[in-house]
Asks: 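Shown below is the structure under consideration.
We use all heavy atoms of the structure for the numbers below, so side chains are in, but hydrogens, waters and symmetry mates are not.
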Amino acid sequence: MSITVYRSDKWMQQCIPGEEDMIRLGMFLATFLKGEEIIYLRGELGAGKTTLVRGILRGLGFTGRVTSPSFTLMNVYDSQPPVYHFDFYRLEGGDLTDLGLEDYLGKKGITIIEWPEIGASHLPQDALIINIELVEGDYDRERMVTIQASGPEHIKLLEELTQNVPTGY
C-alpha cells in the first residue's frame with residue numbers, strides 16, 4: 001500500500017497504513033531534527049503517538065526500549081541529540097508547575113510532548129504539531145497524520161520535510 005502525501009506551505013499530511021510505516025515516518029522525521037525542536041503529538045489513546053516516537057528514536061540511532069511515559073510523565077532517552085519525551089495524559093487540570101518542564105524546553109535536545117492540549121497555556125507556541133487520527137474511528141485501519149508548524153524554525157523544518165518526502169513513501 002502506498003502512502004499518499006499532501007503538501008502545502010503550512011502542513012503535510014500522510015496516510016500511514018500500519019505500525020511499521022509509522023516507525024518509518026518517525027525515522028524519516030529524525031533525519032531532519034537538529035536537537036532544538038519541540039514536537040507536540042496529538043491523537044486519541046492508541047493512535048500511534050509512542051510508535052512515532054519509537055521511530056524518531058530509531059532514526060537517531062537509539063536501540064533501547066521506548067515506552068509511553070503515561071505513568072512516569074517523562075522519559076529521557078540518551079540519543080544524539082537527547083530526547084525528552086513527556087506524556088501529559090494523566091495530569092489533572094494541566095498543572096505543569098512541579099514538572100520542571102522549563103528545564104527541558106531550553107536544553108539542547110528534542111522535546112516531544114504527547115497530549116499537549118492538557119498543558120497548552122504553559123507551553124511555547126513555536127513547535128512542530130503532529131496530529132494522528134484514526135480513519136473512520138477504526139484501530140485496525142490506517143492513520144491520517146497531519147504535520148503543521150508554528151514559529152520560524154519549525155516552519156523551516158516543515159518545508160524541508162515536505163521537499164524531501166521520498167517518492168513512493
Side-chain angles (χ1 to χ4, degrees), residues 3 5 12-91 96 99-119 123-124 126-134 139 142-151 153-154 156-166 169:
I3 298 173
V5 179
M12 177 174 97
Q13 188 174 64
Q14 291 193 212
C15 182
I16 306 297
E19 184 174 341
E20 286 303 312
D21 298 295
M22 188 70 77
I23 289 171
R24 282 188 2 182
L25 176 61
M27 292 174 73
F28 170 73
L29 288 170
T31 63
F32 296 91
L33 301 176
K34 297 171 182 71
E36 300 170 357
E37 295 81 11
I38 298 171
I39 301 172
Y40 298 148
L41 297 179
R42 296 182 177 148
E44 61 188 89
L45 287 172
K49 296 179 297 293
T50 301
T51 301
L52 183 64
V53 173
R54 187 175 303 119
I56 291 170
L57 282 156
R58 293 293 176 262
L60 295 173
F62 183 79
T63 58
R65 189 165 184 239
V66 178
T67 59
S68 174
S70 290
F71 294 100
T72 59
L73 299 180
M74 179 182 77
N75 290 335
V76 177
Y77 296 102
D78 189 22
S79 55
Q80 289 302 318
V83 171
Y84 311 108
H85 180 196
F86 292 86
D87 186 327
F88 292 169
Y89 182 72
R90 300 202 183 282
L91 288 179
L96 307 179
L99 197 55
L101 182 64
E102 63 280 351
D103 295 336
Y104 297 95
L105 291 173
K107 274 185 149 180
K108 180 77 171 151
I110 301 163
T111 302
I112 302 174
I113 301 174
E114 295 186 34
W115 300 95
E117 57 276 14
I118 291 175
L123 296 174
D126 292 356
L128 198 66
I129 303 118
I130 302 176
N131 294 296
I132 304 172
E133 298 176 58
L134 301 175
Y139 283 94
E142 63 272 10
R143 308 308 199 241
M144 186 58 68
V145 177
T146 305
I147 304 174
Q148 299 170 296
S150 175
E153 292 303 313
H154 292 94
K156 182 179 173 185
L157 171 60
L158 180 58
E159 289 170 356
E160 289 179 54
L161 290 170
T162 59
Q163 291 170 5
N164 290 286
V165 173
Y169 187 164

Asks: For the atom pair CZ (R143) and OG1 (T51), what is the distance rounded to the nearest 0.5 Å?
Replies: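 The distance works out to 8.5 Å.
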
Asks: Which heavy atom of I38 sits nearest to which heavy atom of H154, and what is that distance?
Replies: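 I38 and H154 have their closest heavy atoms at N-NE2, 3.1 Å.
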
Asks: With sequence neighbours excluded, what pairs up with R42 under the salt bridge (charged side-chain N to carboxylate O under 4.0 Å, His left out) test?
Replies: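 So R42 forms a salt bridge (charged side-chain N to carboxylate O under 4.0 Å, His left out) with E117.
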
Asks: Minimum heavy-atom separation for M22 and L52, please, with both atom names.
Replies: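 Heavy atoms of M22 and L52 come nearest at O-CD1, 3.6 Å.
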
Asks: I'd like to check the ring pair (Phe, Tyr, Trp, His ring centres under 6.0 Å) partners of F88; sequence neighbours left out, ordered by chain and number.
Replies: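 None.
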
Asks: Using the test salt bridge (charged side-chain N to carboxylate O under 4.0 Å, His left out), find all partners of E36 that sit at least two apart in sequence or belong to another chain.
Replies: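 K108.
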
Asks: Once rounded to the nearest 0.5 Å, what's the spacing between atom CE of M27 and atom CD1 of I56?
Replies: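 Going from CE on M27 over to CD1 on I56, the span is 11.5 Å.
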
Asks: Would you compute the distance between atom CD1 of I112 and atom CG of D87 and round it to the nearest 0.5 angstrom?
Replies: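 Between I112 CD1 and D87 CG, I get 12.0 Å after rounding to 0.5 Å.
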
Asks: Judged by atom type as modelled, is there a donor-acceptor pair below 3.5 Å linking the side chain of K49 to the main-chain atoms of I132?
Replies: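 Looks like no, no N/O pair under 3.5 Å.
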
Asks: Going by the side-chain contact (heavy atoms from CB on, under 4.5 Å) test, name the single residue among V66, L33, L57, I39 that passes it with V83.
Replies: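 Exactly one candidate clears the test, L57.
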
Asks: Heavy-atom distance under 4.5 Å between the side chains of L45 and W115, does that happen here?
Replies: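 Yes, side chains in contact.
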
Asks: So do the side chains of T50 and T67 get within less than 4.5 Å of each other, counting heavy atoms only?
Replies: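 No - every pair of side-chain heavy atoms lies 4.5 Å or more apart.
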
Asks: Ignoring hydrogens and angles, tell me if any N or O in the side chain of H85 forms a donor-acceptor pair with the backbone of P69 under 3.5 Å.
Replies: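 No, because the side chain of H85 does not come within donor-acceptor range (under 3.5 Å) of the backbone of P69.
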
Asks: Once side chain to side chain contact (heavy atoms under 4.5 Å, CB included) is applied, do any residues pair with F32, and if so which ones, sequence neighbours excluded?
Replies: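 With neighbours one apart ignored, the set is F28, L157, E160, L161, N164.
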
Asks: Return the set of residues passing side-chain hydrogen bond (donor to acceptor under 3.5 Å, both in side chains) with T72 (not counting sequence neighbours), or none when no residue passes.
Replies: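 Here the qualifying residues are N75.
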
Asks: My understanding is that only residues two or more places apart in sequence, or in another chain, count here; which of them pass ring pair (Phe, Tyr, Trp, His ring centres under 6.0 Å) with Y40?
Replies: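 Partners of Y40 under the ring pair (Phe, Tyr, Trp, His ring centres under 6.0 Å) test: none.
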
Asks: Rounded to the nearest 0.5 Å, what separation is found between the CD atom of Q163 and the CG atom of L158?
Replies: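 Those atoms lie 9.5 Å apart.
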
Asks: Specify the closest pair of heavy atoms between A149 and L128, including all atoms of both residues, with the distance to one decimal.
Replies: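 For A149 versus L128, the nearest heavy atoms are CB-CD1, 4.1 Å.
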
Asks: If you round to the nearest 0.5 Å, how far is CD1 of I130 from CG of L41?
Replies: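 It comes to 5.5 Å.
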
Asks: Closest heavy-atom contact between P116 and L123?
Replies: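 P116 and L123 have their closest heavy atoms at O-CD1, 3.5 Å.
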
Asks: Looking at every non-hydrogen atom in both residues, tell me the closest pair between G35 and I110 and how far apart they are.
Replies: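 Between these two residues, the closest heavy atoms are CA-CG1, 3.8 Å.
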
Asks: Shortest non-hydrogen contact from L134 to A47?
Replies: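 Residues L134 and A47, closest heavy atoms: CD2-CA, 4.2 Å.
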
Asks: Any chance you could measure E37, atom CD, to D126, atom CG, to the nearest 0.5 Å?
Replies: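 So the CD of E37 and the CG of D126 are separated by 12.5 Å.
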
Asks: Do Q148 and N131 pass the side chain to side chain contact (heavy atoms under 4.5 Å, CB included) test, and can you show the C-alpha distance, the side-chain angles, and the key distance before you say yes or no?
Replies: CA-CA 8 Å; Q148 299 170 296; N131 294 296; 3.5 Å; yes

